[in-house]
Each structure stands twice: as C-alpha cells, then as structure tokens.
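In what follows, chains are A, B, ... by sequence order, proteins preceding strands, each numbered from 1.
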Protein chains: 2
Amino acid sequence: MHVPRRAVVIGGGAAGLGAAGGVKAVDPSAEVTVYTEFEDVAYSPCGIPYVHGGEIESFDKLILAGKQAYVDAGIDVHYETKVNSVDVAGRSVDVAGEGSVPYDSLIIATGFDYADPGVPGADLSGLYYVKNIRRAAEWDKVIAETKRAVVVEASPLGLEMVTALAHRGVETHLVDPHPYALAEMADPDIMAPVQDSWRELGVHMHFNTSLEAFLGDADGKLRAIRTSAGEIPVELAVVATHKTPNNKLAAAAGLQLGSTGGIVVDEGMRTSVAGVWSAGDANEIPHGLTGVPLQGLTGSHAYAQGKVAGANAAGGDRTYRAVYVPWGTPAGKWVIGGASFGETTATALGIPYVLAVGEGISRARYYPGVRPIKVKLLAEPGSLRLIGAQMVGGGEGIKERADFLATAIKFGLTLRDLGSMENVYSPAIGALNEPIVTAANNGLAALAKG
Amino acid sequence: MHVPRRAVVIGGGAAGLGAAGGVKAVDPSAEVTVYTEFEDVAYSPCGIPYVHGGEIESFDKLILAGKQAYVDAGIDVHYETKVNSVDVAGRSVDVAGEGSVPYDSLIIATGFDYADPGVPGADLSGLYYVKNIRRAAEWDKVIAETKRAVVVEASPLGLEMVTALAHRGVETHLVDPHPYALAEMADPDIMAPVQDSWRELGVHMHFNTSLEAFLGDADGKLRAIRTSAGEIPVELAVVATHKTPNNKLAAAAGLQLGSTGGIVVDEGMRTSVAGVWSAGDANEIPHGLTGVPLQGLTGSHAYAQGKVAGANAAGGDRTYRAVYVPWGTPAGKWVIGGASFGETTATALGIPYVLAVGEGISRARYYPGVRPIKVKLLAEPGSLRLIGAQMVGGGEGIKERADFLATAIKFGLTLRDLGSMENVYSPAIGALNEPIVTAANNGLAALAKG
C-alpha cells in the first residue's frame, strides 16, 4: 500500500503557496497542509498601496484565486491557524486547536515582520502596519477621514505609501533618519527627481530625522509624533520600517540563523536541519557577486524560492542560486529601479567600481508619451564587468531593463558588451539610442580619456 | 604644415551622418563633406508613417537638428547634390555642378531603394514611395483627400502605413503575395492578432495575392490596381515593397557586392577597395548565428555602422560585429518584435529548433493598463541555447525584451538560464511571472515530458 507523504507548510504567502504547489508538482499524491494565521491566501499584498492611492479601484481586485482553487489542487489550507512550535526531532508541529501534527517534510515560509520602531507609543491606535488585505480595507476608510499622516521610513513600502497618501489628498509627512529616501539601496542622484516630484505633490519630507515617540491623546489615539526635529501633528502613522525575518519558530526549533536573522539555507532551500526547508522573507540569500546575505527581497523571489523548496521537500532536486536582485517601483512621478547595487552600497561594502552614466529617452524624441531615462552602470575596474546598475525614468522599460541588467551581471557582461549591443529603433516604442548603450559608451569614453 | 585629411561621405541619412560624426570624433581636424540628393538631413524618416497616422502632430516634429548644427560641427553638407561616379583609383568623386572632388577616404552611405514592383503603370501619379520628409508633407495632403488606398506588401513600412491609413479613416487595402503579413520575418501566430486588429479597423487584407498592374485614367492618375484576385479601385498606392541596396555607385566603382546586392564589408566597415568604407542599408551584414547576409536593417543599425565606418576612415580601429537583429514595431492594436529569427525563417534555412512558448502580462493582473504578452523562444536542440525569439503584446516592454533577447542569443544563454532568471515584481510595472521566464520553463517542461 502506498502511504502518501505528508508535507506541512507554515505560511500562506507567496513562498508558502509556491512551496505547496512545488510539492504537488513533484509528488501529486503528497498530502499538503498549509497553515496561515490570516483569513485569506492567494491575494497580492503588493497591490495594497495602489488601492490606497486610488490607482486600483478595490481590494477585491487583488484576490488572485478563490479558496476552492486550493481545495481543487489538493492543498489543504488551514486559515486563521497558528503553529505554536516545531519539533524537528519528532517531525511534528504543534498547531493551535489541532494538537501535534506529524510531517515527513516541513517548509517554513513565515515571512517578515516590520522592524520594531523601538519608541514609546507603539500601542496607540492609529499605527498602520501594511500587510493584511482585510485590515487594509478597514484602514482605507481611516485614510479617507485622515487629514495628516506620517510615513515612518522611506523603505520600498514607504515610497509607495507616501505616493499613495499624497494621491489621496492627505497632508503627508515622511520621516527618515537617512539623508534621502531609500538610502539603504538607492543612490541620491536616482532619488533626487523622486523627491522633487513628492515636493510637487505637497509631501513634507523630514530627512536626517529620527522618530522619538508616538504621542497619544487621552483616548489612546495617535495625535502626533515626536522627532529629533520637533513634533509633527498626525492622526495616522504608516510604519514602513525595514523588513525583518519572522524567525521565531525557526529559532526556537534550533535552525541555523544568519547575520541578518534570516534562516540559512543552501541552494536547495534546505535549512540546517534534516527534513526542514525554508523559503521567502524568513530566509537570507547570498548576493550573487559579494556573497553578502540579503534579506527582505520581493514576492517574486519568495515565490521562486517556495517552488524550489516545495519541489525538493517532495524529493525533487531543484536549485535556487544566489541573487542579482533586479528591482523597480514607481515613486512619486517616476519609476526607479536597478540590479545588484548602486554606488552607496558599493562604497559601504568597500567594492571598487568605475561609473558609466547616460541619459536617454524611452521613445523617439518626437513621439507622444516619450519620457526620459537615466541609466547608471557600475563596473569592476579593469575587467569592466558590470556589477551594479540604477535607473530613474518616466516608467517605460525600467522593469525590463532591470531584469536584463541583473542577467547581464550574472553572466559577466562588460561595459564593452553593453556599448556595442544592438537595440530596437521604432519611434513609438524605442529611441535611436538605447540609454543602456549610451551609458556604457559614455563610461568607456571617460575611461579612455583617463 | 598639417594638411587636414579629407573625408567624403555619400548620403545624408543615419549612416552618412553617423559616419561624418565618426570621422570628426577620431580626427577633429579632418575636412568632412557630405553629399545628399535631398533638401534636408537630420530628420527621422521613421516617424513619417506616424505623422500620416495622426499620432504625431506635424512633420516639423521629425526635424532633429537644424542645418547650422552641422556647420557648427565642422561638417560641410552639400544639399540637393548628386554624386555621379566614384574613381577609386584616383580617389575622387565626380559631383554634379562641382566636378571632380578628391578624397583621402570615402564613405558610401547611399541607402536603399524600394524594390521595383515590376508591373505596368509605375509611371502613374498616385504612387507613393515613403522616404523624403518634404514629399511626405505633400502626400499627407493627398491622403487627407483620399477615400481608398492600397498598401503594396506587408513589409515593416507596409504594416505602419496600413495602420496609419486606417487611423486616418481611409478605406485601406493591403495586397501581399504571401499567406500573411510580414511573412518574410514574422511567424503566423505572431501576426494573427495584428491581422485581427486590422480587421477591426476595417482594413481589407488581400493575401496570397499578386499585384499585376497599376491602372490609370486618361489623365495618368491611378484609378485602380489589378491583382491576381481581381481589380481594386484605389486613388493612392503606397509602394512598400522590400528594401534593396542602392548599390549603383558602388557597382560602377567595382566594389564587391554580395548575394543580396549589398556592399560587402568587413567588421571595420571596409569595402573590397582600399580607401572606401560603407555603412547602412547599402551594405549586407552577416547574421550572428547563421552568417546568412542580411540587408535592409534599421536606422539604429545604419547609424552604428556609420559611426564605425567614419571612425575607421579617420584612422580609428573600431568594429561592428555580426548582428542578432532585435526588432519591434507597432502593428494594428499590437506591438510585435523579436530577435534573430522565428520559426518561419528557421524552417526556410533548415535550422533545427525546439520551441518554448509562454503567455504573460505586462503588469499585475489587477493593475490598470495591464496588457498580454506572448513570448516564443527558439532554442538549439540539445544545448538549448537561444537562437531566436518572437513576441506580440500590448506594447509595454516589447522593445526592451527584444534588446535583451538579442543579447542573450549573442552571449549563448540557454532556456535554463532564462527559466531561472530573476525578475522585477512591482504591480504597476511588472507581473509576478516574467513572460520570458514562463516561456522558457514551459519549453523545459515540454522537453522533460519528451
């Protein structure tokens, strides 16, 4: 008699559902149980800021699949169900209301928490941590009544929420301890036009400014924040601090954690403990060039890791390699993006580089809708191999160029390779000169001059 | 005493002006003379169909630089001036109205002609060969009065002009001897949605149909065309036959021509004759994978070749390598594009391939403006190295993906490399699953099943 293998997945986000599907793809007979603390799975949390901003008309649009779809796929999702602990020796999990549940293979996909702002007043009402779609729908009504709000930290989510609140007509403040927005990953020249566009939208930016406290009224409601630069009266605070790995279960179970607090995995998404795989924001993954562990990547990284973890948990042999991190997001009136790292990170890590910078356009200069694009390439001195890239532009093609540049970095392309690359020229969709090519050739010309 | 070298350029299009600039970049003291038969240089002929279509408001928008810009750059442009012949032994050109003009280096950039339709009636008025901006402005007034027009052949220009005439409300016919549009380079599954969208625009398509004659009235004006499928009454015919190299001067001067009629050049854009370089549509260039000579590439190819030819004519040492041909263009309500070749060409050349096809979307499914994209990849059996790609989509990112895929082909990336590539996920600019990745993985899955 065939006894089906039982796979347990903790977490119902992109990593967890990717893992559940990965198990089924390799072993359709496996019993797959997914535990999530939330009411729903299979929606896009990444879309929440855009509903708040009014670009997307309703939260319903974010639902990707109904619950029946998972039933039909043979994936047993337990909603609003907390896993209390993992017994890796006994290969079981302790589930609230269910007791001990055995597993043959376990996949941890517990995701992230926002870093604790670490200031008084965190228990006040009026603090919004963007995550869950049902809470978001409730907060959306709050936003509709809000006159003044602050976004705490210009993280990727912070950027989106600043823009969204400004679009909604809320007096929007941004407080960040760094000298400019997204300073942990983006360069100041890339962010300058974004900040200009926020200024045009009426956003009040407070950089080099530390949050010191959330201040409440007698009813326990947020009325202001105190910062190193004084008090700012606000009724709503969006806490967009950086993501930290939700590693509580993993730590308690004795899984190896890395320097970021993320779970350490190999290329097969295996943890340090037999029978346990891990995927998504709970992990740390080495950067493809530097080996520096990265944490808090995107939904597409989580999903891809989940598929690999699930496949391998079911007996497959897939790998997920070090990452080159293409990224991109709208910000104010612009779209920013890049791959690997920019000057700020390279400098912080002590990585030498030469620069190649070009300005270009997305269509023929005369074609309606044409928008500027700035491309900045970082290359290894001597070999001129591409090691990083950042861009800011009107929108068109930033995502696709970021994907391309991440692949170019992975495969060792040089500034010379990019400078001689062919490009499509057709007035409505592409200019005579591709901005990546212009940047590469500007860099080569500057190097030739010494 | 320094005697400046004299470079002569024949042709004022993208290749010729690229060459003139290339000379000056290497040798600022060089005397550079450009001869053009036309009244203008430095405008974008590629934009003409979009002015006809109403997307661009006027022909003035297509002017890229004033005549003074060339004077300022030290480039002496002789307008409306015909070069009668080249004496390569004596290193001189015979110029109408100027007599014999000596050169130290000569760059031929004589461009293309439309292939002669080879049928009676080519001398009637009402036949429009899209090329010159001043003629285009005159023809635009004719189009405004035109009720019925035909586009002869669904070439790249033919596609643009069909769409433009339909947008202008002209009853538009398309006559082409092939079974579908752009059949010499695109695959039928890529063109099917384009043809559907033309049908919605009211275009009358006549495929598998040969043009037999232009028929005129007593005043020598076009009144109809005769085809293998009968007569079609039209007042205007846009002759969009394929491009042929304008090789008359080169042939008379004894330069080696290739199988396409294009001038044969090496990687330095040197012709078979010392002291003579050539660039642009007058050349043939080997395909990067097959070595098959290609002719009739784009303005960006012409410009890039011109820069190399000019630099080398001035004593530089630049190379322009075999091409992988990223291409793209709007067509009807879609944008099509690709790199290298598709199934039709691979089959015609006897090149074996495996297919990887994926359907995807340009943004998150729920984000306004999301459009579908179909990606088709051709890979070498066994190695699974990418050898070709074609796409059709709503517009976003086709150009950038075509650039990427051409580079991926050049650098030998495989379906596995593309299947594991990282991609940006951000709802407004990119979907969770990149269509290129989906296509590659679909192909790998199909191969795994045998």
Side-chain angles (χ1 to χ4, degrees), chain A residues 14 44 46-47 50 55-57 61-64 298-301 303-304 319-321 323-330 335 337 339 364-368 395-404 406-408 410-411 413 417-418 420-430 432-434 436, chain B residues 14 44 46-47 50 55-57 61-64 298-301 303-304 319-321 323-330 335 337 339 364-368 395-404 406-408 410-411 413 417-418 420-430 432-434 436:
Chain A
S44 172
C46 305
Y50 301 93
E55 288 84 10
I56 298 168
E57 65 193 34
K61 293 268 184 188
L62 305 186
I63 308 290
L64 301 175
T298 71
S300 69
H301 291 97
Y303 186 64
T319 56
Y320 181 89
R321 301 201 187 276
V323 292
Y324 297 83
V325 210
W327 63 278
T329 183
V335 172
R365 186 190 44 73
Y366 51 79
Y367 204 91
E396 294 188 311
I398 297 280
K399 171 268 196 287
E400 294 82 2
R401 286 184 180 89
D403 292 351
F404 168 46
T407 301
K410 183 173 183 177
F411 287 91
L413 270 63
D417 295 331
L418 295 176
S420 61
M421 121 185 190
E422 288 169 84
N423 65 276
V424 173
Y425 169 42
S426 182
I429 59 172
L432 181 62
N433 296 305
E434 162 56 38
I436 292 173
Chain B
S44 172
C46 304
Y50 300 92
E55 287 85 10
I56 299 168
E57 65 192 34
K61 293 267 183 188
L62 304 186
I63 308 289
L64 301 173
T298 72
S300 69
H301 291 97
Y303 185 64
T319 55
Y320 182 90
R321 300 201 186 277
V323 293
Y324 298 82
V325 211
W327 64 276
T329 183
V335 172
R365 184 190 45 71
Y366 51 77
Y367 204 92
E396 295 188 310
I398 296 279
K399 171 270 197 282
E400 295 83 0
R401 287 185 179 88
D403 292 352
F404 169 41
T407 301
K410 183 173 183 177
F411 287 91
L413 270 62
D417 296 331
L418 296 176
S420 62
M421 120 184 190
E422 287 170 86
N423 64 276
V424 173
Y425 169 43
S426 182
I429 60 173
L432 180 62
N433 296 304
E434 161 57 38
I436 292 172

Exercise. What's the verdict on salt bridge (Lys or Arg N to Asp or Glu O under 4.0 Å) for A:K399 and B:E400, showing C-alpha distance, side-chain angles and the deciding distance?
Worked result: CA-CA 9 Å; A:K399 171 268 196 287; B:E400 295 83 0; over 6 Å; no
For this session: Could you walk me through whether A:F411 and B:F411 pass ring-ring contact (aromatic ring centres under 6.0 Å, His included), step by step?
Result: CA-CA 9 Å; A:F411 287 91; B:F411 287 91; 9.6 Å; no
For this session: Take B:K410 and A:M421, measure what side-chain contact (heavy atoms from CB on, under 4.5 Å) needs, and give me the verdict at the end.
Result: CA-CA 9 Å; B:K410 183 173 183 177; A:M421 121 185 190; over 6 Å; no
For this session: Evaluate the criterion side-chain contact (heavy atoms from CB on, under 4.5 Å) for residue pair A:D403 and B:I436; output intermediate values, then yes/no.
Result: CA-CA 10 Å; A:D403 292 351; B:I436 292 172; over 6 Å; no
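Between chain A and the options B:P326, B:G47, B:G299, the largest number of non-hydrogen pairs under 4.5 Å is found for B:P326. Among A:D417, A:I398, A:N433, the residue making the largest number of heavy-atom pairs under 4.5 Å with chain B is A:D417. Between chain A and the options B:A304, B:A364, B:G397, B:G337, the largest number of non-hydrogen pairs under 4.5 Å is found for B:G397. The candidate from B:E396, B:E434, B:E57 with the greatest count of non-hydrogen atom pairs under 4.5 Å with chain A is B:E434. Heavy-atom pairs under 4.5 Å with chain A were tallied for B:W327, B:Y367, B:Y320; the largest tally goes to B:Y367. Comparing A:A402, A:A408, A:G395, A:P368 by how many heavy-atom pairs each has under 4.5 Å with chain B, the most go to A:P368.
Residue contact with chain B, scored on non-hydrogen atoms closer than 4.5 Å, involves the backbone and the side chain of A:T329 alike. When heavy atoms are compared at a cutoff of 4.5 Å, A:V335 approaches chain B solely by way of its side chain, counted from C-beta outward. Within the 4.5 angstrom heavy-atom criterion, only side-chain atoms of A:L413, from C-beta onward, approach chain B. Residue B:S420 touches chain A through both its backbone and its side chain, counting heavy-atom pairs closer than 4.5 Å.
Residues A:E422 and B:V323 approach most closely at OE1-CB, 3.2 Å, considering heavy atoms. The two residues A:G328 and B:V424 come nearest to each other via the heavy atoms N-CG1, 3.6 Å. Annotation for A:Y50 and B:A428: closest pair CE2-CB, 4.4 Å, computed over non-hydrogen atoms. Shown here for B:L64 and A:R365, the closest heavy-atom pair between the two residues is CD2-NH2, 3.2 Å. When all heavy atoms of B:S426 and A:P330 are compared, the closest pair comes out as OG-CD, 3.6 Å.
Taking CG of B:N423 as the reference point, atom NE2 of A:H301 lies at 8.0 Å (rounded to 0.5 Å). Put simply, OH on B:Y425 and OG on A:S44 are 3.0 Å apart, with the number rounded to the nearest 0.5 Å.
The backbone N or O of B:I56 lies less than 3.5 Å from no partner atom in the side chain of A:Y366, so there is not a single donor-acceptor pair. Side chain of A:R401 to main chain of B:F404: no donor-acceptor pair is present (N/O by atom type, distance under 3.5 Å, no hydrogens or angles).
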